[in-house]
Number of protein chains: 2
Amino acid sequence: MPEFTKGELEIMQILWKHGEMKPAEIQEHFPWEITNSSLRSYLSILLDKGHLTRHRRGKAYFYRPRTKQESTFRKMLNELTRACCDGSVEKLLCHLIRSEKLSEDDLLELKRIAEASDEEPTSGKEKS
Amino acid sequence: MPEFTKGELEIMQILWKHGEMKPAEIQEHFPWEITNSSLRSYLSILLDKGHLTRHRRGKAYFYRPRTKQESTFRKMLNELTRACCDGSVEKLLCHLIRSEKLSEDDLLELKRIAEASDEEPTSGKEKS
DNA sequence: AATAAAGTGCGGTACAGTCCGCACGTAAAT
DNA sequence: ATTTACGTGCGGACTGTACCGCACTTTATT
């Protein structure tokens with residue numbers, strides 16, 4: 001149960017970004033060509049799964065996300081960590097830093113964030 | 001084309017960890033109950049997709065990963081970043097740090113790694 | 001009230017993913 | 001050479017995903 005299929009995830013992204021939309025609007029923002037029909041198939045599946053709500057306004061339904069981007073992020077991150085980093089967040093960080101995805105600026109930013117969070121730990125999990 | 005399906009990814013994990021195994025061995029390490037038959041279905045799919053090689057030893061085939069864990073990591077990370085962090089690695093880092101997944105020790109480690117990579121950038125991507 | 005435009009519900013096809021049984025091959029043991 | 005144990009190949013069933021057309025409903029327009 002990988003939370004979302006490819007198409008479903010696309011829709012969630014668009015909705016997370018724009019907040020509330022009707023099918024035709026989502027269709028316009030969709031990253032590839034798709035008919036309104038297909039799009040609405042996804043929408044009703046997401047509705048069934050409980051990831052979306054909708055309510056009528058005018059003659060169309062407007063869809064709104066019920067599942068938070070944040071919680072999806074965590075699930076995907078957990079999966080990634082489990083699958084490719086043997087469940088270790090440390091390995092994840094190492095991979096991340098060695099992955100060439102980070103620019104010089106990112107590294108400095110990272111250091112800054114780490115120091116800030118280190119000094120003022122608002123949500124740090126205790127390990128010892 | 002999400003690279004691997006759930007079942008396929010499980011097998012890749014096991015193989016990444018143990019290096020080379022025959023079906024019966026993989027089956028034992030599989031995280032849930034599955035028949036040898038089903039398992040082998042996955043294996044032949046992975047073989048077709050080119051993610052695995054196999055060669056006979058005794059009367060059984062031994063399977064070995066052809067696709068690297070590292071490259072899978074990158075693809076999954078890209079997808080995660082795109083889907084939940086608007087494509088920004090910075091946001092990914094923020095999410096990560098605020099996600100309560102990191103312990104105090106992790107943060108210190110993070111700072112250490114960041115400093116090390118900062119001083120000796122072996123694979124840093126230029127941004128400016 | 002008739003029409004046009006916009007939107008919905010429903011159903012349907014095609015293919016991928018998951019799961020399995022069974023007949024056949026192979027190699028060692030008797 | 002026959003049996004037994006282990007392993008493989010093949011094909012099948014069932015479910016989910018991706019995708020779409022069409023008939024119907026609703027609202028605004030004239």
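Residue numbers start from 1 in every chain, and the chains themselves are labelled A, B, ... in the order their sequence lines are given, proteins ahead of strands. This structure is a prediction, so every number in the text was calculated from the model and none was measured.
The phosphate of D:dC19 has OP1 or OP2 within less than 4.0 Å of a side-chain N or O from A:Tyr42. Listed pair B:Arg57 / C:dT26 fails the phosphate criterion, with no side-chain N or O lying under 4.0 Å from OP1 or OP2. A sub-4.0 Å separation between OP1 or OP2 of D:dC20 and a side-chain N or O of A:Thr35 is present. Here B:Lys22 reaches the OP1 or OP2 of D:dG7: one of its side-chain N or O atoms lies under 4.0 Å away. Listed pair B:Ser38 / C:dC20 meets the phosphate criterion, a side-chain N or O lying under 4.0 Å from OP1 or OP2. In terms of phosphate contacts, A:Lys6 brings no side-chain nitrogen or oxygen within less than 4.0 Å of OP1 or OP2 of D:dT17. Contact annotation: A:Ser44 side-chain N/O to C:dG9 OP1/OP2 distance is not under 4.0 Å. The shortest distance between the side-chain N/O atoms of A:Thr5 and the OP1/OP2 oxygens of D:dG16 is not below 4.0 Å.
Closest to the side chain of B:Lys59, out of C:dG7, D:dC20, C:dA27, is C:dA27. Nearest nucleotide to the A:Arg54 side chain, out of C:dG11, C:dG9, D:dG9: C:dG9. The listed nucleotides are D:dC19, C:dC22, D:dT8; the one nearest the side chain of A:Ser41 is D:dC19. Across C:dT8, D:dG9, D:dA5, the shortest atom-to-atom separation from the side chain of A:Arg56 is found for C:dT8. Counting only heavy atoms from C-beta on, A:Ala24 has its side chain closest to C:dG7 among C:dC19, C:dT8, C:dG7. Closest to the side chain of A:Arg40, from the set C:dG9, C:dG7, C:dG11, is C:dG9.
Put simply, the side chain of A:Phe4 reaches to within 4.5 Å of the side chain of A:Leu46, judged on heavy atoms.
Under a cut-off of 6.0 angstrom, the local environment of NZ in B:Lys68 is sparse, with at most 12 non-hydrogen atoms contributed by other residues, nucleotides or ligands.
Residue order along DNA chain C, read from the 5' end via each residue's closest nucleotide, puts A:Phe62 first among A:Phe62 and B:Trp32. DNA chain C is contacted by both B:Glu33 and B:Lys49; B:Lys49 maps to the nucleotide lying nearer its 5′ end (nearest heavy atom per residue).
Judged by distance alone, with hydrogens and angles left aside, the side-chain atoms of B:His51 form no donor-acceptor pair with the main-chain N or O of B:Leu47 at under 3.5 Å.
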Start with the C-alpha distance between A:Glu20 and A:Arg57, add both sets of side-chain angles, then the distance that settles side chain to side chain contact (heavy atoms under 4.5 Å, CB included), and finish with yes or no.
CA-CA 11 Å; A:Glu20 193 183 55; A:Arg57 211 168 62 200; 3.0 Å; yes
Side chain to side chain contact (heavy atoms under 4.5 Å, CB included) between B:Met76 and A:Glu79, intermediate numbers included:
CA-CA 9 Å; B:Met76 289 180 74; A:Glu79 186 54 25; 4.3 Å; yes
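Between the NE2 atom of B:His55 and the P atom of D:dT8 there is a distance of 13 Å, rounded to whole Å. The interatomic distance linking A:Leu47 (CG) with C:dG9 (C1') rounds to 13 Å, in whole Å. As rounded to whole Å, 14 Å separates atom P of C:dG9 from atom CD1 of A:Ile45. B:Phe30 places its CZ atom 11 Å from the C1' atom of C:dC19, with the value rounded to the nearest Å. Rounded to an integer number of Å, the gap from A:Glu10 CD to D:dA18 P is 10 Å. Protein atom CG of B:Leu39 is 15 Å distant from nucleotide atom C1' of D:dG9, rounded to whole Å. The distance from atom CG of B:Asn36 to atom P of D:dG9 is 12 Å, rounded to the nearest whole Å. The distance from atom CD1 of B:Ile11 to atom C1' of C:dT18 is 11 Å, rounded to the nearest whole Å.
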Which donor-acceptor pairs under 3.5 Å do side chains of residues 9-19 of chain A form with protein atoms, sequence neighbours excluded?
from: A:Glu10; atom 1: OE2; to: B:Arg82; atom 2: NH2; distance (Å): 2.8
from: A:Trp16; atom 1: NE1; to: A:Thr67; atom 2: O; distance (Å): 2.9
from: A:His18; atom 1: ND1; to: A:Ile14; atom 2: O; distance (Å): 3.1

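Between B:Leu39 and B:Pro23 the shortest heavy-atom distance is CD1-O, 3.2 Å.
Across its full length, the helix from C:dA1-D:dT30 to C:dT30-D:dA1 shows an angle of 10° between the axes of its 5 terminal pairs at either end, rounded to 10 degrees.
A:Tyr42 pairs in a side-chain contact (heavy atoms from CB on, under 4.5 Å) with only one of the listed residues (A:Thr5, A:Ile34, A:Ile26, A:Leu52), which is A:Ile34.
A salt bridge between A:Arg74 and A:Glu70 is present, with a side-chain N of the basic residue lying under 4.0 Å from a carboxylate O of the acidic one.
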